[in-house]
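Step one of this worksheet: look at the structure below.
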Amino acid sequence: MLIRHASHASWIRMKDADSLTVPVFRKIFACRGRVKAASLEVTCDGVYEAQLNGSRVGDFILAPGWTEYSKRLQVQRYDITSMLQENNSLEVTVGNGWFRRTNAPWTGTQNPDEFLPAMLIAALHIVYEDGSEEVILTDDSWEVSKSTVTLSGIFIGEDVDMTLKMEYEKAQTCVYPKNILIEQEGPQVREQETIYPCRSFRTPKGEWVLDFGQNMTGYMAFEMDAHAGERLSLSTAEVLDRSGNFYTANYRSARSQLHYICREGHQSYKPRLTFFGFRYLRIDEAPENFSADQIHAIVLHSEMNRTGWLQCSSPLLNQLFENIVWSQKGNYLDIPTDCPQRDERYGWTGDGQIFCRTATYQYDVRQFFRKWLGDMRAAQHENGWVPEVIPSLTAYNPGGAAWSDAVTIIPWQLYQTYGDISFVADMYEAMEKWIAYIPTVSKTPYLWTGCWTYGDWLALDAPPDYKPATIELSKRGYSNDDLVCSAFYANSVDIVIRVGKLLGRDVKAYEELHGQIVSAFQKTFGGRLNTQTEKVLALHFNLAESPEKVAAALAYQIRACGMKLQTGLLGTPYLLHELTRYGYAEIAWSLLLRREYPGWLYSVSRGATTVWEHWDGIKPDGTFWDDDMNSYNHYAYGSVADWVFGEACGIQPLEPGFARAKIEPHPDRRVQSMSAILDTVQGRIRSAWKYTDNGIRYEIETPVQTEIILGNEKRVVGNGRYIFGE
Ligand code: BGC
């Protein structure tokens, strides 16, 4: 889509409105003949909902989405041909969305323009049957009023007063850049599923609560009869506390509520300019006779087709697989977020890269990432530094290892899954700038030392008497920060070399650099691979001098501490892969199947329906890990699904995009059967295994030439379906 008309329009605003006012802009116009085709191009500095003659225009929720606003703002174009009448009224309500910080002061400024009032730019283009054309652009002939939405924000939720009468005044044109306008790049966020409450009950405190049975991202919708001035107030929560009461402390400063003042008569409503992460709703106030069956929930996420499915004989594992899918749905709402409920919901680059491989297996996320990587390029600083959240915020830490390395890791993963070289080609310059930045801040040549990092965030291996200087440090376990940073530096340089070769660039200097990093790493850290994560990173990024010995030490260490993982955000995604690669698949399985803390099945056995931020977000005694940083929809540890696809079921690309594949399953008797389906760009790959009386039966389906490795036997097969064993 090309922006044809909107760039000729003027930005308009409401005179004297402050930055939190939610205006509705209006244009009344008549068609001067029979309409052949008509379109609306529109965007705003916030989020909007457009209605034409009382019907919603399009089904893009929270348009125009979140981009690096100071550089890129998406414009949408809607076909409105069938909506036009002789006399028309177009109304566009503009809320704060992601553009303005309505709370969460600790995040600093969300974007330098956040104190500007709501603004709109739009163009209607009408082609008449007689061949003539008409373009209606936003200008001071448009009108504007305060809308029925009296407060709106991503973290706040929405306040609505349906008794308000619109008082329109002339809109004002204003100056705001138009060179930031870009075509729509990402997939649209749409309503995806409807969920009805499975339980309506009173908590011990007497609160009236509805349980939807699924932690989700979206909003509530209701229909009822009411008198003008009656109120419906709803609060959201992900979990109940151990007494069974409604628990919201983990939302921190995100109010996350809907306050609705009714008009007279029959009415239905759903929030128009915000979203919530929730499983439970508390009905704080309701019109008389309001009942639970008048309300339902609507799941929102970016449009993406499902491509991967896991299924096995263990109900707990199946629930884990479901939870991982739900955490992707919950956190792929226009950008990949860390969590969808508390006062963050940011595009944390670390979480984004950790989960990226799993994401590409579960859904087709090509368009989703193409847009976000565009924002990453736009947000990268001149000196090469990549912010830790994309779109960027102004008041944050300097990002660093594993977070900023998303600039190399994500495009490389997209290329592996989809075989589309443009993912790495488009990012090559950004990757080169990033690895050129590291030596400018590092204290040691060929290593990455002395810099800010989140380290192995949330690792469990700090000794009990460890008293770090800051709270931030207390959350990152005991792995050596310099080692962690240097390992990711080596990996990013390695990716730049591989991409450079693909693109036919001269990569000699990078190869030399990589050699120097590896030897500096081995010299400095080779004898000091103490924690599980230190070992895992050295193995995963091929930095260990004697990988077999390191892997054996890792296996020993895990057994010695009672078959427990101690890794944080950085070690965990690679842990099972490295154990399997060096012959310890049985330990990888033990970790996966562990039902106690710390383990993937612990949250599942506590009734989780999405992946938790902390293994023990709810402790065995029912108390919480903490109020401060305790999300129940945090996909990072869900990255274990790529081990299940890639190792347990054994599906790997031998060439990017699965142009050739390898299938080398690693079954384990503790699970009777398992199957993975992956709809690759080449077609469907299926790998299933099942323990039988006679051994194991494998069923494999592949659309491409594939190496099938079962135990010590390797065969190369063409496309087809194969059964081995009985
Ligand atoms: C987020 C994480 C993120 C981290 C940075 C947290 O508050 O929720 O998932 O990566 O900050 O360490």
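Read the numbers this way: they start at 1 and go in the same order the structure lists the ligands and their atoms. One is the number of the first residue; the rest follow in order along the sequence.
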Heavy-atom check, side chain of Ile324 versus side chain of Phe355, under 4.5 Å: yes

Closest to atom 7 (O) of ligand 1 (judged by heavy-atom distance), picking from Glu344, His634, Arg252: Glu344

Nearest neighbour of atom 8 (O) of ligand 1 from the list Arg342, Glu388, Arg345, Arg476, on a heavy-atom basis: Arg342

Enumerated ligand 1 atoms positioned under 4.0 Å from heavy atoms of [X]:
X: Asp351; result: 2 (C), 3 (C), 9 (O), 10 (O)
X: Glu613; result: 8 (O)
X: Asp338; result: 1 (C), 8 (O), 9 (O)

Tyr251 six-ring centre to Arg342 NZ/CZ under 6.0 Å and within 45° of normal: no

Sequence-distant partners of Phe624, ring-ring contact (aromatic ring centres under 6.0 Å, His included), two or more places apart: Tyr247

Residues Arg252, Asp343: salt bridge by 4.0 Å N-O rule: yes

Residues that Arg282 engages under salt bridge (charged side-chain N to carboxylate O under 4.0 Å, His left out), provided they are two or more places apart: Glu207, Asp284

Residue-ligand contact Trp403/ligand 1, heavy atom below 4.0 Å: yes

